[in-house]
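See structure below.
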Amino acid sequence: MTEMRRLIAGNWKMNGVGSALTEAEALAEALKAGPAAMRVALCPPATLIERLARTVEGSAVEVGGQDCRAEASGAFTGDVAAAMLADAGAGLVILGHSERRSFHGETDADVAAKVGAALAAGLEPIVCVGETLEQREAGQAVTVVQAQVAGSLPDALIGKAFAVAYEPVWAIGTGLTPTVEQIEEVHRAVRAAMVERLGETARKAPILYGGSVKPSNAAEILNTPEVGGALVGGASLKAADFLGIIRAA
Ligand code: 13P
């Protein structure tokens, strides 16, 4: 396992057809000209993974999926297995995103099973946690994310490369962000829960912040203690915006 390197990952969510590959191409070209100090990844819809992987081949841009099924294969219409993502060219996979948890009812146990499948396929998981506005207002942000960490990270992660992403649900796509003090508080709590769950090797895994990250707030967020990178939604769709975040880091 290598030392922790900061990771800036773009989550395109359900956005983008073939024409969006020009943005990936522009990003790859820009990073060739001026390499970033950290790892950079794009996680497009599954239909674009293979083409995007070809587009950025030879550049520093890594490729990830947005979800996988826990089972390796079978009668699961519409779902994608971890090995299929890897076969298409992905090296990473986002798991347990709040949109999966809310729209697809994914539990911590479901997420943990998917993490196991991802590791078995050689993928590096990015496991998402985060509280709702209601939970934050009730003073439960730390306990909620610590419980999600405890339930979503299986033993199989010990000694493996992975990341956790703290994405407060109320900050996703809203333009709202926590204060840096709030981000630091939760990231420290996430770290403590990771170490409790997996032991000291969990200190090597970066904790990404996600939720309305943009070029104008990236430097402040990325320089907060225990922030090991960012998971970026809307601002990763355009190469210029995403580069603004990468350059600010
Ligand atoms: P936004 O950056 O659009 O708020 O999305 C964050 C996110 O959900 C990334 O996974």
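All values derive from a computational prediction rather than experimental measurement. For ligands, and for the atoms within them, numbers begin at 1 and follow the listed sequence.
Looking at ligand 1, you'll find an N or O of K13 within less than 3.5 Å of one of its N or O atoms. Remark: ligand 1 and E99 share no N or O pair separated by less than 3.5 Å (distance only, no angle test). The N/O atoms of I172, backbone and side chain alike, include none that comes under 3.5 Å of an N/O atom in ligand 1.
For ligand 1, the atoms lying closer than 4.0 Å to a non-hydrogen atom of G233 are 1 (P), 2 (O), 3 (O), 5 (O), 6 (C), 9 (C). In the vicinity of A171, heavy-atom distances shorter than 4.0 Å reach the ligand 1 atoms 4 (O). Annotation for ligand 1: atoms under 4.0 Å from non-hydrogen atoms of N11 are 9 (C), 10 (O). Short contacts between ligand 1 and L231, defined as distances under 4.0 Å to a heavy atom of the residue, involve ligand atoms 9 (C), 10 (O). Listed by number with element, the atoms of ligand 1 under 4.0 angstrom from any heavy atom of G211 are 4 (O), 6 (C).
C128 is listed as a side-chain neighbour of L231, based on a closest heavy-atom distance under 4.5 Å.
Taking a 4.0 Å cut-off on heavy atoms, A165 fails to register as neighbouring ligand 1. Assignment of A235 to the shell around ligand 1 is not supported, since no heavy atom sits closer than 4.0 Å. Within the 4.0 Å heavy-atom shell around ligand 1 one does not find G210.
When only non-hydrogen protein atoms are considered, atom 9 (C) of ligand 1 lies nearest to E167 OE2, 2.8 Å. Given atom 3 (O) of ligand 1, the protein heavy atom at minimum distance is G234 N, 2.8 Å.
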Pair L7, I126 - check side chain to side chain contact (heavy atoms under 4.5 Å, CB included), show working. CA-CA 10 Å; L7 169 64; I126 301 173; 4.1 Å; yes

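By the salt bridge (Lys or Arg N to Asp or Glu O under 4.0 Å) test, E57 is found to be paired with no residue, residues two or more places apart in sequence or in another chain being considered. Residues forming a ring pair (Phe, Tyr, Trp, His ring centres under 6.0 Å) with Y166 (at least two apart in sequence, or on another chain): H187.
Using a 4.0 Å cut-off between a side-chain N of Lys or Arg and a carboxylate O of Asp or Glu, E106 and R101 do not qualify as a salt bridge. A salt bridge does not link K214 to D241: none of the charged side-chain nitrogens sits closer than 4.0 Å to a carboxylate oxygen. Taking the charged nitrogens against the carboxylate oxygens, K160 and E124 have no contact shorter than 4.0 Å, which rules out a salt bridge.
Between I158 and L198, the closest heavy-atom pair is CG1-O, 3.6 Å.
Criterion: ILVMFWY side-chain heavy atoms under 4.5 Å apart, direct or through other members. Under it, V129 and V93 are part of a common hydrophobic cluster.
Heavy atoms of S98 found under 4.0 angstrom from ligand 1: none, in either backbone or side chain.
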